[in-house]
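Take a look at the structure set out below.
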Amino acid sequence: MRLFLTLLFRNRLAALGAVLLLALVLLCLVVPLLPLADPNVTDTPNKFLRPFSEGHLLGTDHLGRDLLSRLLWGTRLSLAVGVAAAAAAAFFGTLIGICAGYFGGWIDNGLMRLIDMIMAFPYILLALAIVAALGPGMLNALIAVAAVNVPFFARNIRGISVGLTAREFIDAARLSGQGHARIIVTELLPNVLPVIIVAISTTIGWMVLETAGLSFLGLGSQPPQADLGSMLGEARAALIAAPHTLIVPGAMIFVIVMSINLLGDGLRDALDPRLRSGALARPSPVTRIARPAPPPAETPARGVLDLDGLTTRFEVGAQVYKAVSDVSLTLGKGECLGLIGESGSGKSVTALSVTGLVASPPGVIAGGAARLDGVDLLSLPYRDLRGLRGRRIAYIFQDPLSTLHPLYRIGDQMVEAIRVHRKMPLAEARARCLDLLRTVQIPNAESRLSAYPHELSGGMRQRVGIAMALVNDPEVIIADEPTTALDVTVQAQVLALLDRLRRERGLSILFITHDFGVVGQLCDRVAVMYAGQIVEEGPTASILAAPAHPYTRRLIACVPELGGGRRQLAAIPGLPPAVNRLPAGCAFAPRCDRARPDCQRDPIALRVSGPRAARCLYPEEALS
Amino acid sequence: MRPQRLTRRAVLLSSATALIVAATGLRAPVLAQTPPGVLILGQVAEPKTLDPQAATAANDFRISVNVFDGLVRFRDGTLEVEPALAHSYDISGDGKTYTFHLREGIKFHDGSDFNAEAVKFTFERMLKKDHPYADTGPFPLAFFFSSVASVEAPDALTAVFTLTEPYAPFLANLATPTGYIVSPAAVAQHGADFGRNPSGTGPFKFAEWRANEMVAIEKNPDYWDGAPASEAIVFRPITDANTRTAEMLAGGLDIMVEVPPVTLSQFRNDQYTIVEAAGAHLWFLILNCKDGAFADKRVRQAANYAVNKEALVNNVLEGTATVAAGPTPAAFNWAVNPDVTPYPYDPEKARALLAEAGTPNPKITFFVTEGGSGMLDPVAMGTAIQADLAAVGFDVTIQTYEWNTFLDQVNPGLSGKADMAEMAWMTNDPDTLPYLALRAEAFPDKGGFNSGYYANPEVDELLNRARVSTDQAERAELYKKMQVIVHDDAPWLFVANWKQNAVATAAVKGLVLQPSFLLTLKNVSKA
Amino acid sequence: MTTPALQVDGLSKSFPVGRGLLRGATTMVHALQPLSLEVRPGETLGIVGESGCGKTTLARMLVGLSQPSTGTILIDGKPLDTSDRRVSSQQIQYVFQDPISSLNPRKTIRQTMETPLRILFGMDAAARTARIHEVFEAVNLRPEFLDRYPHEFSGGQAQRIGIARALLARPKIIVLDEPVSALDVSVQAQVLNLLADLKTQYGLTYLFISHDLAVIEAVSDRIAVLYFGTLVEIGAADRIFARPSHPYTRLLARSAPVVGRPLAPQDTAGAELPDPLNPPPGCAFAQRCPKVSQLCRTKVPQLQETGETQRAACHHPDQT
Amino acid sequence: MGRYILYRLLSAVPVVLGITVIVFFIMSLIPGDPATAILGAYASPENVARLNADLGLDKPMVQRYFIWLGNMLTGDFGRSFSLNRPVLDEILERFSATLILAGVSLLICAVLGIVAGVVSAARQYGLADKAITLAVLVGISIPSFFLGMLLILIFAVQLRWLPVSGMYEVYGGRTLVDLLRHIILPATALAAVATGVVARLSRGAMLEVLRQDYIRTARAKGVSETGVIWRHALRAAMVSIIPVLGIQAGFVLSGAVYIEVVFQWPGVGRMLVDAILKRDLLLVQGGVTFVAACYVLFNIIVDVAQSLIDPRIKA
């Protein structure tokens, strides 16, 4: 709750809305106690007094009634009706929506057709007809406004209920013997509630407007009772002669609706879990770079791609997540370097940091350099960096279904990848793409060019992803778990393809994975990451045969390997540390059976020994 | 990516073009003056029909009165009847036979001749169910002529009406649009669509009707009573009074009728002229004399004393009405009793009467309409009346109804529903309103409009005698007696007689309003 | 021979696709072809297959989350009646694939755990608390976790909660649907070991569904291989991948990444599954199979003995 | 695709029929009848009964409904007694006016709303974003009829830039420029709320889309920021914007009622209000059937557009 309020008021506009609304509500509550003129006493000789007249702060209306008093009483009534109508519409809309969403099938169909009918009926006419049938009056206007808004809630809630009903916890509830009614009330409703609250908060304003509209057409409150809409309606004739009688209630409606909208937006944002992590912020084209001491822009190159003390953080509120800390790697020409680690170890962030693709906010590159042939990519101006992306460094991502644009044809996406970097006639570009699709062994490549990503199988999509990475003949390919989402038989094919391509084309590949089996088959060298740091690095065969870091050894040990038969696995106790609360010293120490007190004291350096390196004070075996 | 991008560009391009065109239009010299010789008149609604027998609304009459003529008409500025298409008429001694002598050589706009057969056709179409063109109706106001037994055309220029019983208002009814003569040839040609293709003998010919935009009529140079002053008149329907006012102020109209009282002040300068005319209109409250507090005459009188009618007509209605004295509007000058004066505003007296009646705080349900023909500003007036009544001790609850529902509630009688209801009548004969709404024979269940169940045998007797008399002096005497009694019995709360108004630009000359509410534009011109 | 803990006969699932009205007769898609198998008490039967092979469909039918189109399910020789959860929940339980999604985000763990005890067994508060603490201890969770919400847990912890929930009703059989595929390898081993311990402790029978050959081999006594809704091979865990009878099993076994084995494409014909709306008339694997014959394209192969413990649905099986 | 459209059209028929039943039912609940409306002050029960018989309204409701339905299916929507002309003529004339007004408003709302939303999202938390957010807030918080009246007061009466009311000059040609001059104010007033809603939604949809993996892919390919936003992100955001345009079309069609009253626009909305007040059942029935059919049709168009833009949606 505290968190919620903090979030709500972090949004200054929402706070303004809340304060305004609260002030209005309080004002409305104390209206009967205020020393106001009787709102209904007419004094026709003193009609249309201008604002700031004596005894009438806001002037008088066409019958000489005090506008201030009518305004406050009217606001009270309008607000009450708006809230009540929103609540009523929410109640019935939710009932219909939840039932339709939960039961599905013909119940869903029937209810939704009914809702369609109500929606196809012009809502003002429906309200008008309802009021005409029931007679005018605020209560009937309320019923009409609530009725015409039921579809809004019903449709919203149904959509969410359908999604929730497909979730596994509903299945779990069924298995635990709960009946439909109980599941709806205890399982679905609590999850729908925030949405209802947000919907109500955003519709109250709308309800106030609509009730005002009905009153404006003369179908709302009964004279002499004031509500904002009827005040507007009564003042309409005086629009030209005495505009203040119109503007006063009009401005009040505006203020009410605006403050409700502000608060509603704030509520929606505060209740949206994604906003807590800043996930609805727009990611900038390049990760924010805030390096205290920018490294030299160019140094002699060790390999094609050199990472030099690369450090990337996520800053969410006051929390700092050290996703990547001081990572240095060298990828040689034609080499395949494996980067292995569990989720959260920072391997993907490392890969994305190279060309500034980490979403920012919340990502920040806080130090280090990523050099292509010695040139620091992170020091380049955006135009130059963009010119390198996809041309000299290309990416292959994990899940091609979400990483290929779902609405563009395969061919178009590939052609675009070429033509953002150089002018090439369309036909030539397409021919090149076709050629590449054949290279990655896509059957019927011609027709696949005009296919959409969802029309291909996972394996085919990933081949497209590979082909797309190759369109500009890049020097470096960064493959971020390219086979993780694939079935095992498909994975084998894709790995074989990658292996062949790199040998044929002399590609340098940074291959990110969590699977030692894959690393063992594909990579020349491997670097192991844990909690944002490289803990061990060296030639693949040598590390697999004799891991130096206890984490590497135990990670290898706890993965079952085919052909090992039925067995007890050597699990690692505990969990990896959260990267916003990293311990001093070795991050693995709390789970390590070889840890000694000094492991947890100071940061531990990567000790290099020949082709291998390890970040451990007490390695498994001394590195030669 | 290819075709889609093109379409998106196309959309952007076309919308940009639209905006540019719009902007250019915005800069164009705005608001062409209305053309010379053509009057543009702001109406309150889209006319329903220009068929004079089928029309019921004053709004429709404003057009048809300029396209058609009756056998007789109201003399300029009065409610007295003078000959029109008939140059003279005779009434039999028993008051049951009317013989009209028609003018010669008049042609309908469609070129056919006006003659006695046309008169016979007009009335038989309306009155006889088996007439070949009876289905071109319905004719809701046919009951104005329900006393007509037959119409004969002994020769081309003589029309004879035979009535079932003497009926004094007959001539006045003939002067209303319901009695206007239509072209049989045009009815035959257009059938049910005659209402959108009218043809009469009036000073203007129907020219064009663009639904919801305008109805245009143009000069009939051969008009028997002299050619009209303007070339054409365009009637624009603008339902919203506020928009109508704005349009007038913005220069889009030459003449505007039914000016909302609150906006009158905008026109009180030398760019505009405001014309008004007291009409045969009465705005009153029906009081329920049968049950509830108003069954007591003293309470009814108290209500009449309690309401500040001066304030209503001067402040709420901005002087567009006068205080009503009794059941007969002052416009029927020959029939009005000058000794009957309005109940003065006297809250003390009202309280005293309430105390005397033993009901210091009577509970009153008050039916108010939101609008309606002749109802002026019913919600504001109702609200002001409610406040006045509350000030002397009445406990009044307002229930508003949209006009049709209101009529549906009020016309069947107030008993069991309400104590008081707003009502207004525009009539053209002093007989109509009291005869239909004050007699015991006119209780709602007997087909009348006496929704407040007022019954006074003396009044019934006076009205019955007046109706069958053809002597205006005798009728006047009877009506004057009736007014004294009704004023004292106070079955109604008499509030106002509307002075209808209109605003014209200073360039418009000759605009005069008639007490009959019929807007004759023959002599109006624009400089 | 003892009564099987679970016996499935001719179980199949098909559902209609397409909108009626204009499309004429609707087509049926067979998510699972008629399938028969037995699980002995105390045994772990692994079910392995790639996406779309029907393994989750099978699991959901076994626990009554969806109704079979044909076939019967017998538990201890008695038909499973999932309409009475009081009985069926003590016979068979389910552990979901996504541990977090299977917990209601708006309920504390205690509320989630208490529901079945209250509804199915009408236990009073004290009895419920006792039972919950008991299972929590069994899965190595601290009781203070009970008052937290699901989002406060890591995947491994949430999966322990899911397992604890399955244990509440003291079932004999637990269907584990990819219980570790959402977990990191270091945590995966913890959960697998826990499952093994619980099995011994409570004498459970497992149906363990996974796409990971190594995992399934490490936990199972016998393994069934599914392909495109069909059971293609079943046999002892220690033999089936070492000496597969069915070409698909062979392909699977060869495809699993193994350190030191050279990378070579196992089949080049493309790993596409057949179109479910247009299933091939013969063997579903025919188009990828190196040993395909005309017979395979026309006739559906039936399951037949190919070795002592192994059976395969293939016209040209390798004898083991 | 053709088959899908046919399917959708056919399945819309029961919805529209259902609406006609609802209209008939509600109208029959409303007290008052057309005869009262026609007769006005002369509406005594006797006169009313007589006129009702003339109008054929003395038959039972169900029978009248089926008579109406039968006639409608042959293209005869009956004759309006309040306007004394065939319902279909009146509706067709007025419907075009409403469609023009609603169409222009919808165009304004779509173009302006989407552009504002995209710019707002692209410049999140920047000056443009704040200005747009504020403008949007004003747009969605002001009653359309109030805005309409203010616009008349300022631009027509005070400044005399634009005409107060109507669709064309009464005299003179019915030119496009004339129409545009007349439509600016009402279309603006009508579009205000919808534009605000679309802009807010577009902003949200864009922000959502910009977080997607395929946007990262586009950037990784080296696509420029303009390309990322207008080509990659907007296209994907349209998938969630288009349905909202469909809903807004409904609101715009409905909201036209107020605007048509205020601006004297000769459209079907104002006609329907009058028709309800006058108990002109056949006119209400015909008009609502048209509006509903139009709405349903528009939704089909939206769905088709949706499936054209998003190949994943099977049409």
Side-chain angles (χ1 to χ4, degrees), chain A residues 113-114 116-117 119-125 128-130 132-133 205 209 212-213 216-217 232 236 239-240 243 246 250 253-254 257-258 261-262 279-283 285 352 355 357 359 386-391 394-395 397 399 402-408 416-417 420-421 452 454-455 468, chain D residues 14-16 18-19 22-23 26-27 29-30 121-122 124 137-138 140-143 145-146 149 153 157 207-208 210-225 227-228 232 235-236 239 250-251 253-255 257-258 269 272-273 276-277 288 291-292 295-296 309-312:
Chain A
R113 285 299 82 75
L114 193 72
D116 279 353
M117 279 182 212
M119 288 200 71
F121 207 125
Y123 71 89
I124 292 175
L125 294 176
L128 199 67
I130 294 175
L209 279 186
F216 173 78
L217 294 176
L232 265 185
R236 183 159 63 132
L239 166 65
I240 295 157
L246 184 81
I253 292 185
F254 175 69
V257 176
M258 193 185 65
N261 278 328
L262 284 174
L280 264 190
R282 168 193 187 280
L352 292 174
T355 57
L357 284 174
R386 178 168 82 74
L388 290 175
R389 284 178 179 173
R391 188 167 62 88
Y395 282 86
F397 293 109
D399 177 6
S402 67
T403 52
L404 289 175
H405 198 295
L407 310 183
Y408 285 115
E416 187 194 30
V420 292
H421 291 297
Y452 288 99
H454 72 276
E455 294 167 345
M468 198 151 79
Chain D
V15 172
V16 174
I19 288 168
I22 297 175
V23 178
I26 293 182
M27 287 300 288
L29 285 181
I30 300 178
Q124 196 189 16
L137 203 62
V138 172
I140 56 171
S141 304
I142 202 163
F145 49 90
F146 182 63
M149 289 191 285
L153 196 59
V157 176
L207 289 177
E208 184 90 46
L210 281 169
R211 307 293 305 190
Q212 297 298 316
D213 287 348
Y214 49 81
I215 296 300
R216 194 184 59 200
T217 308
R219 289 193 169 133
K221 285 196 293 191
V223 177
S224 70
E225 221 23 41
V228 164
H232 286 258
R235 175 80 181 260
V239 172
F251 281 124
L253 265 182
S254 275
V257 172
Y258 293 121
L272 281 173
V273 174
I276 290 177
L277 296 183
V288 170
V291 175
Y295 176 84
V296 170
I309 207 162
D310 187 347
R312 291 168 298 179

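Computed from a predicted structure; not experimentally measured. Residue numbering restarts at 1 for every chain, and letters A, B, ... go by the order of the sequence lines. These values consider heavy atoms only, across backbone and side chains, with no hydrogens, waters or symmetry-generated copies.
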(message) In the structure I gave you, are the side-chain heavy atoms of A/Phe397 and D/Arg216 within less than 4.5 Å of one another anywhere?
(response) yes

(message) For a 4.5 angstrom cut-off between non-hydrogen side-chain atoms, does D/Asp213 reach A/Asp399?
(response) no

[atom1]/[X] to [atom2]/[Y] distance, rounded to the nearest 0.5 angstrom?
{"X": "A/Leu262", "Y": "D/Leu137", "atom1": "CG", "atom2": "CG", "value": "4.5 Å"}
{"X": "D/Ser141", "Y": "A/Ile253", "atom1": "OG", "atom2": "CD1", "value": "11.0 Å"}
{"X": "D/Tyr214", "Y": "A/Leu407", "atom1": "OH", "atom2": "CG", "value": "6.5 Å"}

Of the backbone (N, CA, C, O) and the side chain (C-beta and beyond), which part of [X] lies under 4.5 Å from a heavy atom of chain A, both, or neither?
{"X": "D/Ile215", "result": "neither"}
{"X": "D/Val15", "result": "both"}
{"X": "D/Tyr295", "result": "side chain"}
{"X": "D/Val239", "result": "side chain"}
{"X": "D/Ile276", "result": "side chain"}
{"X": "D/Glu225", "result": "both"}
{"X": "D/Ala220", "result": "both"}
{"X": "D/Leu253", "result": "neither"}

Counting heavy-atom pairs under 4.5 Å to chain D, which of [options] comes out on top?
{"options": "A/Ser402, A/Gly390, A/Ala417", "result": "A/Ser402"}
{"options": "A/Pro243, A/Pro283, A/Ala212, A/Gly250", "result": "A/Pro283"}
{"options": "A/Leu357, A/Leu388, A/Asp116", "result": "A/Leu357"}

(request) Heavy-atom distances under 4.5 Å only: say whether A/Leu246 touches chain D with side chain, backbone, both or neither. (result) both

(request) Pick one of side chain, backbone, both or neither for A/Met119, based on which atoms fall under 4.5 Å of a heavy atom in chain D. (result) both

(message) Donor-acceptor pair, distance only, cut-off 3.5 Å: does the side chain of D/His232 make one with the backbone of A/His405?
(response) no

(message) Main chain of D/Lys221, side chain of A/Arg389: is a donor-acceptor contact present, judged purely on distance under 3.5 Å?
(response) no

(message) I need the residue from D/Leu153, D/Val16, D/Val223, D/Val23 with the largest number of non-hydrogen atom pairs under 4.5 Å to chain A.
(response) D/Val223

(message) Out of D/Pro143, D/Ser254, D/Ser224, D/Gly255, return the one with the most heavy atom pairs under 4.5 angstrom to chain A.
(response) D/Ser254

(request) Kindly give the heavy-atom pair with the smallest separation between A/Pro406 and D/Pro311, and that separation in Å. (result)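 Scanning both residues completely, I find the closest heavy atoms to be O-CG, 3.6 Å.
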
